[in-house]
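Each remark here refers to the structure printed beneath this line.
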Amino acid sequence: MKNIAILGATGSIGCSTLEVVRNNPDRLSVRALTGGKNWQLLAKQALECHPDLVVIADKSAYGDLKNALSGSQIRVEAGDEAIVAAVEVQPLDAVVAAIVGSAGLSPVMAAIDKGLQICLANKETLVVGGSLVMQAVKRAGVDLLPVDSEHSAIFQCLQSAQTNPLHKIIITASGGPFRQFSSGQLAAVTPEQALKHPNWDMGGKITIDSSTLMNKGLEVIEAHWLFNAAYDNIEVVVHPQSIIHSLVEFSDGSVIAQLGWPDMKLPIQYALSWPTRWSPPLPPLDLAKVASMTFEPPDTTRFPCLAYAYEAGRAGGIMPCVLNAANEIAVAAFLRRQIGFMSIPAIIRKTMDSFSNKQVTTVGQLLEVDAQARETATSLLSAEVA
Ligand SMILES: NC(=O)c1ccc[n+]([C@@H]2O[C@H](COP(=O)([O-])OP(=O)(O)OC[C@H]3O[C@@H](n4cnc5c(N)ncnc54)[C@H](OP(=O)(O)O)[C@@H]3O)[C@@H](O)[C@H]2O)c1
């Protein structure tokens, strides 16, 4: 029995993780659940799987959550510090890191320091703190297992590598709903249109990131840290059907790919079951039904966020943290209809340009940069038009 904590249980990945738990009741036991604001769903999940602890980040929701769980013997806590402390619940073997954004960094660092296995969905953790996270992983000797479908694919492909070095990583991208839009059409895109992803059912922020190709940019930085790959050896190819989740090329030119339906239950389950494989969480892949698979290069003129992410990743230091913070602010403003779709890359560009790069050595310093970059990006919002 593997004892797990699900951080971000009320989100899309959190809910899919609970489906994996439901399918594997004799293998997985939930000891802690955390949510951001959605106390109703968190209470429902807790009453179903009886963890020892539930934590809600929003302190104003504590009373409602506590009432909903009265008489259940489940400990209830609230606030950011309690989210970080959730990884101290015992017994615990693994943490599913599914909080969205840089808010996920501190809980992941705490889980690494506790020596827990990390099933990482929260890519922003590696974008913001890649160097410090990887140092901590090495120090603690923990397994950092990718949940992101592309990185799960690369991780699985690399298992055929033996001692051979990888030559190139090829990350697939669906291209999002606006793949064929002109620049003029992109300028008029609404949040409703952007929230309709053609293949994947995901949380709001990552769905917008997919439509700007920032998601792919964040994944390039994530792949750099997870697989110790140089940016020149990480390529992105648009594959609108999202059946090939990513590929690895070896030095003899052989290319290995991992395929599957676009559904997060499989990569979540594989992170939890690794190194073994459990019964399939989905119907088998039917290639005749898929019928055709197509590929094209990404267009960084219409979708500059991908180029900005490569630039920030190559620059290193605080730049990926600045890129991520500006993106989080711009995406939230777009969803509030405060700015237009093309203002997202504009704000990221201007925020990056207003920071001088430097190296930082602690998570505290990174969080300061994150706060400053959010302030800069916020101050730029009023100059943009909705
Ligand atoms: N969805 C996917 O298919 C997918 C695929 C690959 C990678 N990922 C990555 O996985 C992460 C989660 O994605 P998602 O789509 O599941 O997002 P989501 O549906 O928006 O869920 C985010 C979760 O984080 C919680 N949360 C938000 N802000 C928080 C804060 N400040 N402190 C503590 N908890 C907070 C939310 O709580 P409330 O809802 O209760 O407010 C929710 O539980 C992201 O980093 C994303 O890039 C997602």
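Below, all heavy atoms of this structure are taken into account, side chains as well, without hydrogens, waters or symmetry copies. Each ligand, and each atom within it, is numbered from 1 in the order the structure gives. This one's a predicted model, so the numbers in the text were calculated from it and none came from an experiment.
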Are any of the N or O atoms of [X] closer than 3.5 Å to those of ligand 1?
X	answer
N38	yes
G14	no
M264	no
T10	yes
S12	yes
S149	no
G203	yes
G36	yes
M202	no
T34	no

For [atom], which protein heavy atom lies nearest, and how many Å away is it?
atom	answer
atom 44 (C) of ligand 1	E124 OE1, 3.8 Å
atom 4 (C) of ligand 1	I13 CD1, 3.4 Å
atom 22 (C) of ligand 1	V100 CG1, 3.7 Å
atom 23 (C) of ligand 1	A98 O, 3.6 Å
atom 6 (C) of ligand 1	D148 OD1, 2.8 Å
atom 47 (O) of ligand 1	K123 CE, 3.1 Å
atom 9 (C) of ligand 1	A121 O, 3.1 Å
atom 41 (O) of ligand 1	K37 N, 2.9 Å

Taking atom types as modelled, find out whether S242 and N199 have a side-chain donor-acceptor pair closer than 3.5 angstrom.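 Yes, side-chain donor-acceptor contact under 3.5 Å.
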Check the side chains of E328 and N324 for a donor-acceptor pair under 3.5 angstrom, ignoring hydrogens and angles.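 Yes - a donor-acceptor pair under 3.5 Å links their side chains.
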For ligand 1, which part of I99 has a heavy atom less than 4.0 Å away: the side chain, the backbone, both, or neither?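 Both parts.
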For ligand 1, which part of A103 has a heavy atom less than 4.0 Å away: the side chain, the backbone, both, or neither?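 For A103, only side-chain atoms sit under 4.0 Å from ligand 1.
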Relative to atom 46 (C) of ligand 1, which among V84, I206, D80 owns the nearest non-hydrogen atom?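 Selected option, by shortest heavy-atom distance: I206.
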Atom 18 (P) of ligand 1: which of G11, G104, A61 has the nearest heavy atom?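 Looking at heavy atoms only, G11 sits closest to atom 18 (P) of ligand 1.
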Pairing of [X] and [Y] as salt bridge, 4.0 angstrom limit:
X	Y	value
R314	D232	yes
E81	K59	no
E219	K216	yes
E150	K123	no

Using the rule given for side-chain hydrogen bond (donor to acceptor under 3.5 Å, both in side chains), can you reason through T376 versus Q372, listing the C-alpha separation, both sets of side-chain angles and the distance that settles it, and then say yes or no? CA-CA 6 Å; T376 303; Q372 286 162 5; over 6 Å; no
Find all atoms of ligand 1 within a distance of less than 4.0 Å from any non-hydrogen atom belonging to A57, and give their numbers and elements.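 It comes down to these atoms of ligand 1: 32 (N), 33 (C).
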Only heavy atoms of N122, strictly under 4.0 Å: list the atoms of ligand 1 that pass.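 Counting atoms of ligand 1 from 1, those under 4.0 Å from N122 are 45 (O).
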With respect to I4, which candidate in D93, V95, V30 satisfies the side-chain contact (heavy atoms from CB on, under 4.5 Å) definition?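 Option passing the side-chain contact (heavy atoms from CB on, under 4.5 Å) with I4: V30.
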Given T34, which of L53, I83, I56, V54 fulfils the side-chain contact (heavy atoms from CB on, under 4.5 Å) condition?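 In the set L53, I83, I56, V54, the residue that makes a side-chain contact (heavy atoms from CB on, under 4.5 Å) with T34 is I83.
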Going through the checks in order, is the side chain to side chain contact (heavy atoms under 4.5 Å, CB included) test met by W261 and I243? CA-CA 6 Å; W261 295 121; I243 296 295; 3.9 Å; yes
Only pairs at least two apart or in different chains count here, so list each ring-ring contact (aromatic ring centres under 6.0 Å, His included) that has a residue in residues 334-362.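 Found F178-F341, F334-F341.
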Hey, mind stepping through L116 and V142 against side chain to side chain contact (heavy atoms under 4.5 Å, CB included) and telling me if it holds? CA-CA 6 Å; L116 300 169; V142 299; 5.9 Å; no
Would K205 count as a contact of ligand 1 if the rule is a heavy atom under 4.0 Å away?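 No; K205 lies far enough from ligand 1 that no heavy-atom distance drops under 4.0 Å.
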N/O donor to acceptor pairs below 3.5 angstrom from side-chain atoms of residues 275-283, sequence neighbours left out:
| residue | atom | partner | partner atom | Å |
| --- | --- | --- | --- | --- |
| T276 | OG1 | S273 | O | 2.8 |
| R277 | NH1 | Q156 | OE1 | 3.2 |
| R277 | NH2 | Q156 | OE1 | 2.9 |

Criterion side-chain hydrogen bond (donor to acceptor under 3.5 Å, both in side chains) on E124 and N122, from CA distance to verdict: CA-CA 6 Å; E124 294 91 343; N122 174 227; 2.9 Å; yes
Nearest-0.5 Å distance that lies between atom CG in L28 and atom OG1 in T17: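 If I round to the nearest 0.5 Å, the distance is 9.5 Å.
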